[in-house]
Amino acid sequence: MSKYDVAVIGSGPGGYVAAIRCAQLGMKTAIIEKYNTLGGTCLNVGCIPSKALLDSSHHYEDAIKHFEDHGIEIPGEVKINFKKMIERKGAVVEQTTKGIEFLMNKNKIDVFTGVGAFKDATHIEITGDKNETIEAANTIIATGSKPATLPFIKIDKERIITSTEALSLKEIPKHMIVIGGGVIGLELGQVYRRLGAEVSVIEYMDRIIPTMDSAQSKELTKVMKKQGVKFYLSHKVSAVSKKKNEITVTATDKKDKEVTFTGDYCLVSVGRRAFTEGLKPENAGVKITERGLVETNEHLQTNVKNIYAIGDVVKGAMLAHKASEEGTLVAEILAGQKPHIDYNLIPGVVYTWPEVASVGKTEEQLKEAKVSYNSGQFPMRALGRSRASGDTDGFVKILSDKETDEVLGVHMVGARVADLIAEAVVAMEFRASAEDIARMSHAHPTYAEAVKEAALAATGDRALHV
Ligand code: FAD
Ligand code: NAD
């Protein structure tokens, strides 16, 4: 029987990063993945394919709507080859997952293909092409998550679908009804809207992306409405049915009036749930919470001392970079180090266009915690760079402590803010004040100038270009 210092179950951005870091630190490492490709949800049916389709559909939208503004004329009709778009997405995924295989080889990590199940706290049975059992002194559970649904919805994977199927459709929907105005609903809703589908988003709360700052919800709603997406907020879905190719979704609005929607596809994007099926955690005595998460302490250790858990299968934001940080943290703990993650500084991004990005506390959270703060906001439309590219929607908002001026939260909507948020993370990691950011030189002309301007605004109405 093969023996390892560490076995990692699941090869998503949590698991594969944990495995690499364990190997870097000199541990004999195995990774177990039930699918034939590595990379988990993120690389196969999540972050990467969704961004590939967002990019392709963005190019199309630019070609049909914006090229003309730049004096670029396309003789004849611009056409979508949807099959090719999906194939390109597949190629991007393949290249990326192959990259993980390369990294596993490079770091001398043994890859096992099959479902990993605990036999006991130090033995894992792998059921796949060949069945075998390995011994591991320590195990990291990184089994991720799966799409959640509502109790009365039957996902048929053809017309009533989750993000997984929405990334590999064979045709562009005529009318896609999206249940849930969170990250997936908006990113994939925008893809299909750009490609010509009618898109109706039904959201239970009174705003989309309800966990982000409400100014971001408002701005994104405004822009996506201009793009033609229809929003039905404060609507509670009560039934979804299918007759041949027609889907009917029934919901009640906030006045308790019943509303029905008919379309040819229904995307269910109401969140994701932790996944531990087939893992048999009970054989090792690992506790699972009522919500199905693997229970861990602040060191991501389960109640069984040599078993840890990371990523979507434990509490916290279901984000790839959060999973990866946790993978690194556990590897370093196993090596005797004392790493730390500041969960307040894990940024959140929605890759619509304009993009939406946040770090730290929202205005709603500061109000609830009764923290006195200054707020400085700067509109993208006031930037030379935004006018040059034509991306004038959005803003940067900086919230800073009223007494100390420490930056407490940064919230952005606009072109490339997914990349821009890194500046805010660095600033907050070093506990910068708004004044610190305001005094730093930002290259001109860049979108980043909006960060400096918002910091100037937060330190007392000092923005220069409004
Ligand atoms: P996962 O990536 O889910 O990986 C878990 C792996 O474990 C899977 O490969 C699974 O097959 C395997 N596994 C499970 N059980 C077993 C077992 N018993 N034996 C062997 N293998 C097993 N996050 C971002 O930060 N940015 C984004 O842009 C983004 N976009 C997304 C878009 C979509 C459409 C979706 C669905 C998600 C997106 N996410 C994004 C979320 C991100 O994908 C997850 O947060 C991330 O993948 C979690 O990583 P993980 O390693 O915890 O689990
Ligand atoms: P989400 O939690 O982002 O959004 C779900 C939305 O559905 C919420 O707005 C919620 O209020 C709404 N909802 C819940 N029940 C409803 C009901 N009965 N009727 C109508 N609306 C309802 O979840 P998601 O969009 O499914 O994404 C799942 C996870 O994947 C998220 O945790 C997210 O972090 C991750 N993800 C991240 C990215 C990214 O980082 N860019 C992209 C995609 C997915």
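Note: hydrogens, waters and symmetry copies are ignored here, and every other heavy atom, side chains too, is used. Read the numbers this way: they start at 1 and go in the same order the structure lists the ligands and their atoms.
At least one heavy atom of G271 lies less than 4.0 angstrom from ligand 2. For the pair G114 and ligand 1, a heavy-atom separation below 4.0 Å is found. Using a 4.0 angstrom heavy-atom cutoff, V313 does not count as in contact with ligand 1. K146 does not count as a contact of ligand 1, since none of its heavy atoms falls under 4.0 Å from the ligand.
Residue-level proximity to ligand 1 for K322 is absent, since no heavy atom of it falls below 4.0 angstrom. The part of S145 lying near ligand 1 is the backbone, judged by heavy-atom distances below 4.0 Å. Residue-level proximity to ligand 1 for A320 is carried by backbone and side chain together, each with a heavy atom below 4.0 angstrom. By the criterion of a heavy-atom distance under 4.0 Å, neither the backbone nor the side chain of L188 is placed next to ligand 1. Of all the heavy atoms of I184, the ones lying under 4.0 Å from any atom of ligand 1 belong exclusively to the side chain. Only backbone heavy atoms of V349 (N, CA, C or O) come within less than 4.0 Å of ligand 2; its side chain stays farther off.
Within a 6.0 Å sphere centred on NZ of K218, heavy atoms belonging to other residues, nucleotides or ligands number 12 at most.
The option from F152, Y204, Y351 that lies nearest to atom 22 (C) of ligand 2, judged by heavy atoms, is Y204. Of the listed residues (T162, V356, L150, V183), the one carrying the non-hydrogen atom nearest atom 3 (O) of ligand 2 is V183. Closest heavy-atom approach to atom 13 (N) of ligand 1 within the set T37, T127, T143: this belongs to T143. The option with the heavy atom closest to atom 29 (C) of ligand 2, from among M212, H235, R272, H321, is R272. Distances from atom 39 (N) of ligand 1 to the heavy atoms of S11, C47, S269 show the closest one on C47. Comparing G12, G116, P13 by heavy-atom distance to atom 46 (C) of ligand 1, the nearest is P13.
Using modelled atom types and a 3.5 Å distance limit, the side chains of E165 and T162 yield a donor-acceptor pair.
Those atoms of ligand 1 that come under 4.0 Å of a heavy atom in Y35, given as number and element, are 11 (O). Every atom of ligand 1 is numbered from 1 in the order shown, and the set under 4.0 Å from a heavy atom of Y351 is 28 (O). Close contacts between ligand 1 and I32 involve ligand atoms 20 (C), 21 (N) [criterion: under 4.0 Å to a heavy atom]. The distance from ligand 1 to the heavy atoms of L319 drops below 4.0 Å at these ligand atoms: 23 (N), 25 (O), 45 (O). Every atom of ligand 1 with a heavy atom of A323 under 4.0 Å away is listed here by number and element: 49 (O), 52 (O). Residue contact check: C42 has heavy atoms under 4.0 Å from atoms 2 (O), 43 (O), 47 (O) of ligand 1.
A distance-only check finds a donor-acceptor pair linking the side chain of N306 to the backbone of A137 [under 3.5 Å].
For the pair K236 and Y204, the NZ or CZ position fails the cation-pi test of under 6.0 Å to the six-membered ring centre and within 45 degrees of the ring normal.
A salt bridge links E326 and K322; the closest N-O separation between the charged side-chain nitrogens and carboxylate oxygens is under 4.0 Å.
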Any chance you could lay out the ring-ring contact (aromatic ring centres under 6.0 Å, His included) test for Y192 and Y265, step after step, and finish with the verdict?
-> CA-CA 11 Å; Y192 286 106; Y265 286 87; 8.1 Å; no

